[in-house]
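Below is one structure, written out as structure tokens, with a few remarks after it.
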Amino acid sequence: VIPAPFDYIAAESTTHALDLLDSFGDDAKLLAGGHSLLPMMKLRLATPAVLIDIGRLSQLIGIRADGDELVIGAATPHAAVATSDLVRADAPLLAHSAAQVGDPQIRHRGTIGGSLAHADPAADLPMALVALGGRVDLLGQGGSRSVAADDFFTGYFETSLEPGELIATVRVPRQPGASWGYQKFVRRANDWAIVGAAAINGRIALANMGPTPLRARAAEQALADGASAAEAAELAAEGTEPGEDLHADRDYRRHLARVLTRRALEHRA
Amino acid sequence: MQVEITVNGQQRSDDVEPRLLLVHYLREVCGLRAANVGCDTTSCGACTVLMKGADEGGTGRGVGGGGTSVKSCTVLTVQANGQQVTTAEGLAMKGASEGGMGRGEAGGGELHPVQAAFRQEHGLQCGFCTPGMVMAAVSLLSENPDPTEAEVREGLEGNFCRCTGYHNIVRAVLAAASSGHGAAKQQRAEVGA
């Protein structure tokens with residue numbers, strides 16, 4: 001299957017990319033690794049007239065420590081995040097999550113910023129960012145702003161990115177030695193989560209239990225009040241309205257959320 | 001759009017439509033038919049090739065050798081502009097140096113150790129997945145030269161085989177690893193690229 005025709009422009013800098021976004025408006029899409037966008041274009045679910053390639057901008061690639069945060073360029077591929085010594089030491093939940101995305105080939109191409117901007121509620125990195133309490137730094141013509149993970153995901157495949165903005169960097173707190181857990185239930189290799197759960201430092205995030213990655217707040221509150229992992233996990237599906245599909249109905253997803261949360265709280269990778 | 005791509009060590013310049021997928025470029029423009037179109041949805045891995053940037057930019061980690069595995073059904077040819085691409089045809093050393101169109105022994109080249117191991121261990125049945133499987137294995141071994149069986153199975157997660165049940169494929173990759181493929185691969189990649 002072949003995408004509809006489009007024009008392709010390799011941006012020379014983030015400023016150039018923002019100028020191009022400004023002049024083409026809704027007709028343009030940003031391209032980095034293309035592993036969410038190109039499949040949609042091949043199915044003609046997306047038919048942008050212009051692709052602005054930011055995937056090879058060195059400004060957007062790389063991982064560094066900045067005080068008590070790790071700063072990851074938006075076009076950094078999953079494989080680089082997964083194997084970075086810095087990420088493994090200071091944000092092991094993020095390294096592990098990046099290593100769970102798709103398969104090796106997908107991790108060589110797909111990028112952290114692309115995955116977050118695509119905002120699939122079943123995906124690994126949106127859930128990880130919410131669990132970690134990370135944030136994204138957005139660049140636009142009007143300057144930059146930083147949005148907390150809890151506020152970034154606004155709906156099914158929707159974020160608080162405004163037209164004309166791009167994700168420049170992703171920030172997560174440095175938590176060396178923090179205990180964490182990550183659980184993803186799939187039926188097939190390299191599939192999206194039917195339900196996922198990630199837990200670190202009393203925060204719990206769920207994947208595919210609603211239109212966005214969600215905090216399991218009732219379970220978090222129970223933990224804060226001294227409940228055991230098993231007791232808290234019983235509350236993991238409180239307030240969720242997960243969708244239904246051929247893989248799982250609503251009750252089964254809620255069951256999975258409780259089971260996976262318990263396992264994540266027991267700090268099982 | 002004009003693209004400059006080094007395919008199996010041979011520099012090319014081609015005028016392509018931006019929407020041309022890399023796998024179609026390799027098959028139809030370059031005439032290299034090793035990379036197959038299987039699922040066409042980034043799942044099956046039959047179209048796996050190696051890609052490496054001049055600067056190692058977009059493709060990641062600067063691992064040595066011929067680059068990292070990518071699914072060429074989900075890469076635009078224009079995204080490979082300025083980069084090196086290696087297909088299974090380019091793995092066989094002599095074939096590659098004699099013009100990039102070599103096809104293993106049939107083309108007069110010597111099989112790459114991973115190819116040889118697939119033949120030795122009979123890591124194939126119908127053969128459709130094999131070029132992609134071999135390229136994924138080459139990439140896996142360049143990142144992890146001495147993998148455990150579990151690491152091989154996980155490392156080939158992006159490649160489907162509907163014939164073999166995978167056992168001989170896994171054996172082939174382990175055999176290639178223990179034959180010291182790492183060093184040999186480096187040498188070949190330099191010849192090929």
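Here is how names work: the chains are called A, B, and so on, in the same order as the sequence lines, proteins then strands, and each is numbered from 1. Both backbone and side-chain heavy atoms feed into the values below; hydrogens, waters and symmetry mates do not. Given the structure is predicted, the values throughout are model-derived calculations rather than measurements.
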Original post:
Between the side chain of B:Gln79 and the main-chain N/O of A:Ala32, is any donor-acceptor distance below 3.5 Å?
Top reply: yes
Subject >> A:Thr83 and B:Glu143, any side-chain heavy atoms less than 4.5 Å apart >> reply: no
Subject >> Residue pair A:Lys42 / B:Thr41, side-chain heavy-atom distance below 4.5 Å >> reply: no
Original post:
Is any side-chain heavy atom of A:Asp103 closer than 4.5 Å to a side-chain heavy atom of B:Glu154?
Top reply: no
**OP:** Work out which heavy atom in A:Tyr8 is nearest to a heavy atom in B:Pro18; give both atom names and the distance.
**Re:** CB-CB, 3.7 Å
**OP:** Quick one: pull up CD in B:Glu17 and CD1 in A:Ile2 and give me the separation to the nearest 0.5 Å.
**Re:** 8.5 Å
**OP:** For A:His108 and B:Ser69, indicate whether the former's side chain and the latter's backbone hold a donor-acceptor pair under 3.5 Å.
**Re:** yes
Original post:
Quick one: of B:Met135, B:Lys71, B:Met1, who has the most non-hydrogen atom pairs under 4.5 Å with chain A?
Top reply: B:Lys71
Original post:
Of the backbone (N, CA, C, O) and the side chain (C-beta and beyond), which part of A:Ala10 lies under 4.5 Å from a heavy atom of chain B, both, or neither?
Top reply: neither
Subject >> Backbone N/O of A:Val1 and side chain of B:Asp40: donor-acceptor pair under 3.5 Å >> reply: yes
Subject >> Residue A:Leu51 versus chain B: region with a heavy atom under 4.5 Å >> reply: side chain
**OP:** Mark yes when over 12 heavy atoms from residues, nucleotides or ligands other than B:Glu157 sit less than 6.0 Å from its CD; otherwise mark no.
**Re:** yes
**OP:** Look at atom CG of A:Asp245 and say whether more than 12 heavy atoms of other residues, nucleotides or ligands are closer to it than 6.0 Å.
**Re:** yes
Subject >> Over all atoms of both residues, closest heavy-atom pair of B:Gly155 and A:Pro104 >> reply: O-CG, 3.3 Å
Subject >> Side-chain donor-acceptor pair present, B:Thr42, A:His35, cut-off under 3.5 Å >> reply: no
Original post:
For chain A, which of B:Val75, B:Thr74, B:Leu140 has the most heavy-atom pairs under 4.5 Å?
Top reply: B:Thr74
**OP:** Give the minimum heavy-atom separation between A:Arg109 and B:Val70, together with the two atoms involved.
**Re:** CD-CG1, 3.5 Å
Subject >> Validation row: A:Leu31, B:Leu76 side chains within 4.5 angstrom (heavy atoms) >> reply: yes
**OP:** Using the side chain to side chain contact (heavy atoms under 4.5 Å, CB included) rule, take A:Gln105 and B:Thr68 through it: C-alpha gap first, then chi angles, then the decisive distance, then the call.
**Re:** CA-CA 8 Å; A:Gln105 291 96 317; B:Thr68 51; over 6 Å; no
**OP:** State, to 0.1 Å, how close B:Arg19 and A:Pro5 come at their nearest heavy-atom pair, and which atoms those are.
**Re:** NH1-CD, 3.6 Å
